[in-house]
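Note that the numbering runs from 1 along the sequence shown for the chain. Both counts, for ligands and for their atoms, begin at 1 and track the order of listing. Since we're looking at a predicted model, the values are computed, not measured.
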Amino acid sequence: MKDYYSINQPKLLLPPKTIFISLIILSLIFLTFLFLQSHNSLQKPISDNPTAIKGIKIRPGYTSYETYIHHQLKKTTNPKLRKIWTSRDWGRKIQVFQRFFTRLKREKLIFNSSKALCVGARVGQEVEALKRVGLTDSVGLDLVPYPPNVIKGDFHYQPFDNETFDFEFSNVFDHALYPDKFVGEIQRTLKAGGVCVLHVAVSRRSDKYSANDLFSVEPLKKLFDGSELVKVRKVDGFGLDTEVVFRKRKFGV
Ligand SMILES: *[C@@H]1O[C@H](CO)[C@@H](O)[C@H](O)[C@H]1NC(C)=O
Ligand SMILES: *[C@@H]1O[C@H](CO)[C@@H](O)[C@H](O)[C@H]1NC(C)=O
C-alpha cells in the first residue's frame, strides 16, 4: 500500500504550470458564462417573473417582447394565410368547432347563455361556431381584429375586467411566450365556476410560430392553480391532439 502511494502519487499531481493554466481557462469559461447570462437577461423582455415551468419548453430566439409580437403578427397578417382561413378553411373549420362545442353543451359545460371568449381566435371560426350552436354572446381576441367576431388584444394582457366570461376556449396555448400569464389572464377574466377548454399538442410539435412546446398536461394543471381539472381527452383538432377542460374554483385561488 505504502509503495503504491509513494510511486503513484507524484504522477497524479500535475505540474504547477499546468494547474495555473487550467485555472485560467476555467475562470475564462466561467466569466464568459456569466457574461452571456447577464447579457441574456438584459435582452430578456418584459416578464417580471420569467418562470421556468417544468414540462414546458419555451422556444429560444425571442430577444424581446417586440420580436415575439412581430413574429406572431407575421403569421396573423400573412395575406395568403388569411385568404385561406376566410375561404377554403372557413366552413370546414366552423363545422369541426361546432362538433366540439355541441359536445361541451351536451355535457352541460357550456350553455346558450354563456358569455364566451375565444383566445387567439385569428379570423374567428370558433366564435362563429359558438354562435351557431347557440352561444350568441361570444367574441374572439387576437393581435389583429377581424370584425365583428374578433377584437384586438394580446392574450398576455387581456383587455377585459376580472370575472367577465363563463367560458373561454383556446387552441393557441403553444403561441404563448409566457404560459403563466396566458393562463393567469384566463383565470382572471373567467367568472368563478367558469369553464376553460384548451386544445393543445402534447405528442407532436406544432408550427414554427409556436413559442413553447408542451410534453404532457401536467404543467397545465400546475398553471391552472385556481381551477379544477374537469377532463382530458383526445381530439383531432387541426394538428392539436388533446382537449383539457378546467373549471375555475368558486372560492379563492
Ligand atoms: C340554444 O340555441 C340553439 C341554437 O340557436 C337552439 O336551437 C336551442 O333551442 C337553444 N337551447 C336552449 C336550451 O334554449
Ligand atoms: C383582478 O384580479 C387580479 C388577479 O386575480 C387581482 O390581482 C386584482 O386585484 C383584481 N382586480 C380587481 C379590480 O378586482
Side-chain angles (χ1 to χ4, degrees), residues 45-53 56 65 90-121 123-142 146-170 172-173 175-198 212 219-231 237 243-253:
I46 51 156
S47 186
D48 15 9
N49 154 21
T51 35
I53 303 145
I56 302 182
Y65 197 60
W90 183 253
R92 181 175 69 93
K93 286 211 168 182
I94 290 173
Q95 266 188 4
V96 175
F97 282 127
Q98 272 182 273
R99 279 205 293 280
F100 290 138
F101 296 141
T102 301
R103 178 166 62 182
L104 295 174
K105 274 188 85 176
R106 222 173 29 236
E107 296 172 334
K108 308 246 181 283
L109 289 163
I110 56 176
F111 304 91
N112 281 3
S113 58
S114 302
K115 187 174 172 64
L117 173 68
C118 298
V119 177
V123 295
Q125 293 109 335
E126 56 272 69
V127 180
E128 188 57 35
L130 279 172
K131 290 183 172 174
R132 289 191 192 178
V133 303
L135 283 77
T136 48
D137 193 1
S138 300
V139 71
L141 179 73
D142 212 314
Y146 191 71
N149 281 348
V150 180
I151 67 167
K152 183 179 154 109
D154 180 349
F155 53 54
H156 288 123
Y157 306 95
Q158 282 191 21
F160 304 110
D161 288 339
N162 292 1
E163 319 232 323
T164 300
F165 300 99
D166 301 292
F167 174 59
E168 298 194 26
F169 170 80
S170 186
V172 300
F173 177 80
H175 288 264
L177 184 59
Y178 299 102
D180 54 335
K181 280 202 162 62
F182 181 93
V183 172
E185 283 294 84
I186 288 175
Q187 289 196 125
R188 180 181 68 76
T189 57
L190 266 184
K191 294 177 191 167
V195 166
C196 172
V197 171
L198 298 184
N212 71 68
L220 290 177
K221 289 199 234 165
K222 285 230 171 62
L223 288 171
F224 275 88
D225 57 358
S227 310
E228 308 290 349
L229 179 66
V230 177
K231 65 178 70 188
E243 180 172 271
V244 195
V245 183
F246 288 97
R247 186 188 291 281
K248 182 173 168 179
R249 284 193 206 109
K250 291 245 157 73
F251 302 106
V253 168

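The closest side-chain heavy-atom distance from Glu107 to Thr102 is not below 4.5 Å.
The aromatic ring centres of Phe169 and Phe101 sit less than 6.0 Å apart. For His156 and Tyr65, the gap between ring centers is short of 6.0 Å.
Residues satisfying the side chain to side chain donor-acceptor pair (under 3.5 Å) test with Asn162, not counting sequence neighbours, are Arg188.
Each of Arg249, Arg247, Gln187 was evaluated against Ser227; a single residue qualifies, Gln187, per the side chain to side chain donor-acceptor pair (under 3.5 Å) test.
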Which atom pairs, nitrogen or oxygen on both sides, join ligand 1 and the protein at under 3.5 angstrom?
unit_1: ligand 1; atom_1: 2 (O); unit_2: Asn112; atom_2: OD1; d: 3.3
unit_1: ligand 1; atom_1: 2 (O); unit_2: Asn112; atom_2: ND2; d: 2.4
unit_1: ligand 1; atom_1: 11 (N); unit_2: Asn112; atom_2: ND2; d: 2.8
unit_1: ligand 1; atom_1: 14 (O); unit_2: Asn112; atom_2: ND2; d: 3.3

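The aromatic rings of Phe224 and Phe246 lie parallel to each other, with less than 30° between the two planes, well short of the 60° mark.
Residue contact check: Arg188 has heavy atoms under 4.0 Å from atoms 2 (O) of ligand 2.
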